[in-house]
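Report on the structure given below.
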Amino acid sequence: MKEAAADLGHLLVFAFLFCVGAFMVAPVITDVTMAALCPGQDQCSLAIYLTGLQQAITGLGALVVTPVIGNLSDRYGRKALLALPATLSIVPLAIMAFNQTRPYFYAFYVAKTLTAMVSEGAMMCLSLAYVADKVPEGRRAAAFGVFSGVCTAGFVGGTIAARFLSVSSTFQVATLASVAAAVYLRAFVQETDRGASLLRDEEASRLLFPPSSSPEEASPRLPPLRKVPSLSEMATLLTSSSTFTRAAVVTFFHGLGETGLQTALLYFLKAQFHYTKNQYANLLLIIGITGSFSQLTVMPLLAPRLGEQKLLVVALTGSCVHGFLYSIAWSFWVPYLAASCVILSILVGPCVSNIYQRLPLLLLFSVHVTMSIVYLY
């Protein structure tokens, strides 16, 4: 048990460093893109088109690549495959750390588009699989929550760092953080046995304590899958249950709206209120801190009282208000007010995830990543 806790601790350190490097550039990338494509201007349609195209290509590519990486991790190990996104994420950051002129920006754009197909979904999927290999089923929800909290801490830490660094220094520090993450993964994170020890412990426990035949435990369960399922298997399961189908529809349309908003939002704020990286950092900090507070405090308070369905309705309403306030923003402070609505809108994900948790474990990971990729698309 102590060995597993130590291994998870190393994974959390790696995840923190990875997220710091990945999210540190978020407040500055808009200014860099504008300066490279439309220098001296506050409006640039080309930047919006290229950003949307990049997200579409990345999403479609990850939709194909992520299940393949998941299957390979069953054969070659979680750590071995985690090294792939950890290493590839360094390349686009290193390009911008060297220079931010137009030729280097296009090189960054191509490298980011290609590497994100692997990095965007695979890092989260493989990390969750690593946690599941080390943690018994009854404790996985808490372990997933801790992992999510560490990733959020990395987001907040990277955003704070970007707030006080220059543009060129931000990419340099982000590159160093990504290199440190890859080195730490190689040096300290240990390979898992793909849950074999947990299965042995579970079988031994069943021999000592035979399960009761209560109605809840006697209810039918889907058989666990030994590999990451294919897209056709996921589609079959989702369409076989009206609950899963409705959850998938909610996830798709919510992700579609949120992604459309986020794609153009920073460029809108640049054109409308002349935002710079410091204002972007402040906005992202509000989103990150409010979202963390909501998941740690608001979710545990409201979920038992309202129930899953009512809370999802409240969260979707908050998401609508969130986007509406951005659309009618009349002053520079209104986007900050709109960002505070994340306290409700961020609960959409956990509410839908509670539905998906009825799926077998590896299928849950695949559906989770697939729906995350839909967000990108």
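All residue numbers in this chain count up from 1 along the given sequence.
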Can you find a pair of side-chain heavy atoms, one from [X] and one from [Y], that are under 4.5 Å apart?
| X | Y | result |
| --- | --- | --- |
| R102 | P39 | yes |
| L344 | T317 | no |
| P335 | L283 | yes |
| L284 | F155 | yes |
| Y130 | L8 | yes |
| K270 | Y280 | yes |
| M24 | V173 | yes |
| Y104 | T101 | yes |

Give me the atom names and distance for the closest heavy-atom approach of [X] to [Y].
| X | Y | value |
| --- | --- | --- |
| A47 | M34 | CB-SD, 4.4 Å |
| T66 | A122 | OG1-N, 4.2 Å |
| F147 | A15 | CE1-CB, 3.6 Å |
| H10 | F188 | CD2-O, 3.6 Å |
| V25 | A174 | CG1-CB, 3.8 Å |
| C341 | V321 | SG-CG1, 3.9 Å |

Same cluster for [X] and [Y] if Ile/Leu/Val/Met/Phe/Trp/Tyr side chains link at under 4.5 Å?
| X | Y | result |
| --- | --- | --- |
| L176 | V183 | no |
| V342 | L325 | yes |
| F16 | V13 | yes |
| I287 | Y336 | yes |
| L60 | Y49 | no |

Determine yes or no for a side-chain-to-main-chain donor-acceptor pair under 3.5 angstrom, with [X] supplying the side chain and [Y] the backbone.
| X | Y | answer |
| --- | --- | --- |
| Y326 | A338 | no |
| T175 | F171 | yes |
| K79 | V189 | yes |
| K277 | L165 | yes |
| S119 | A116 | no |
| R78 | S127 | no |
| T113 | Y109 | yes |

**Request:** Look at the SG atom of C151 and the SG atom of C19, then say if they are under 2.5 Å from each other.
**Result:** no
To the nearest 0.5 angstrom, please state how far the [atom1] atom of [X] sits from the [atom2] atom of [Y].
| X | Y | atom1 | atom2 | result |
| --- | --- | --- | --- | --- |
| F268 | Q43 | CZ | CD | 10.5 Å |
| F273 | W333 | CZ | CH2 | 10.0 Å |
| Q100 | I29 | CD | CD1 | 9.0 Å |
| T159 | R163 | OG1 | CZ | 11.5 Å |
| T290 | L285 | OG1 | CG | 10.0 Å |
| I48 | L37 | CD1 | CG | 11.0 Å |

**Request:** Could you tell me whether the side chains of T30 and Y275 share a donor-acceptor contact shorter than 3.5 Å?
**Result:** no
**Asked** With a 3.5 Å cut-off and no angle check, do the side chains of T276 and N278 form a donor-acceptor pair?
**Response** no
**Message:** What verdict does the side-chain contact (heavy atoms from CB on, under 4.5 Å) test give for T51 and Y267, after you've listed the backbone C-alpha separation in whole Å, the side-chain angles of each residue and the deciding distance to 0.1 Å?
**Reply:** CA-CA 10 Å; T51 301; Y267 297 104; 3.1 Å; yes
**Request:** Could you tell me whether Y106 atom OH has more than 12 heavy atoms of other residues or ligands within 6.0 Å of it?
**Result:** yes
Which pairs would a plain distance check flag for residues 84-98, meaning a side-chain donor or acceptor within less than 3.5 Å of a matching protein atom at least two apart in sequence or in another chain?
unit_1	atom_1	unit_2	atom_2	d
T87	OG1	A83	O	2.7
S89	OG	P85	O	3.2
S89	OG	A86	O	3.0

**Message:** Before you tell me yes or no, could you show the steps for I57 and M117 under side-chain contact (heavy atoms from CB on, under 4.5 Å), namely the whole-Å CA-CA distance, both residues' side-chain angles and the distance that decides it to 0.1 Å?
**Reply:** CA-CA 8 Å; I57 295 175; M117 294 181 187; 3.3 Å; yes
**Prompt:** Applying disulfide bond (SG atoms under 2.5 Å apart), which residue pairs with at least one partner in residues 295-335 are found, sequence neighbours left out?
**Reply:** none
